[in-house]
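Notes to accompany the following structure.
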Amino acid sequence: MTAELLIIALTLLGEARGEGFEGMAGVASVIQTRTIQRKQTPMQVCLSPKQFSFWNGKVSESSKRKLLATT
């Protein structure tokens with residue numbers, strides 16, 4: 001798995017893990033739309049400041065480690 005795919009997967013899981021397929025598809029759609037509109041890579045979109053709570057300190061480091069262990 002590339003670093004970019006890992007970042008996308010963690011973003012989907014971190015933002016919508018409990019929301020099922022529809023929730024994850026919604027987050028994926030947001031990533032895709034922002035990628036096109038901003039002319040950025042999906043990884044740049046996911047890691048941009050204040051875009052996704054998973055990457056902005058609102059998710060504990062232990063939760064991130066748990067998600068990393070599942071990939």
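Starting from 1, each residue takes its place in the sequence as its number.
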Legend entry - Exam field: side chain Ser29 to backbone Ala25, donor-acceptor pair closer than 3.5 Å: no
Inset, instruction - Over all heavy atoms of both residues, which pair between Ile31 and Pro42 is shortest? Give the atoms and the distance, please. - result: CG2-CB, 4.0 Å
Legend entry - Any Gln40 side-chain heavy atom under 4.5 Å of Ser48 side chain: yes
Legend entry - Gln44 backbone acceptor or donor facing Thr41 side chain under 3.5 Å: yes
Inset, instruction - Provide the closest heavy-atom pair for Met24 versus Leu13 in the form atom of the first, atom of the second, distance. - result: CE-CD2, 3.9 Å
Inset, instruction - Taking side-chain hydrogen bond (donor to acceptor under 3.5 Å, both in side chains) as the test, write out the residues that go with Gln32, two or more places apart. - result: none
Legend entry - Under 3.5 Å: donor-acceptor pair, side chain of Glu15, backbone of Phe54: yes
Inset, instruction - Using side-chain contact (heavy atoms from CB on, under 4.5 Å) as the criterion, list what pairs up with Thr2, not counting sequence neighbours. - result: Glu4, Leu5
Inset, instruction - Side-chain contact test, heavy atoms from C-beta onward, threshold under 4.5 Å: evaluate it for Phe52 versus Leu47 and give yes or no. - result: no
Inset, instruction - Please tell me if the side chains of Leu12 and Arg17 come closer than 4.5 Å, counting only heavy atoms from C-beta onward. - result: no
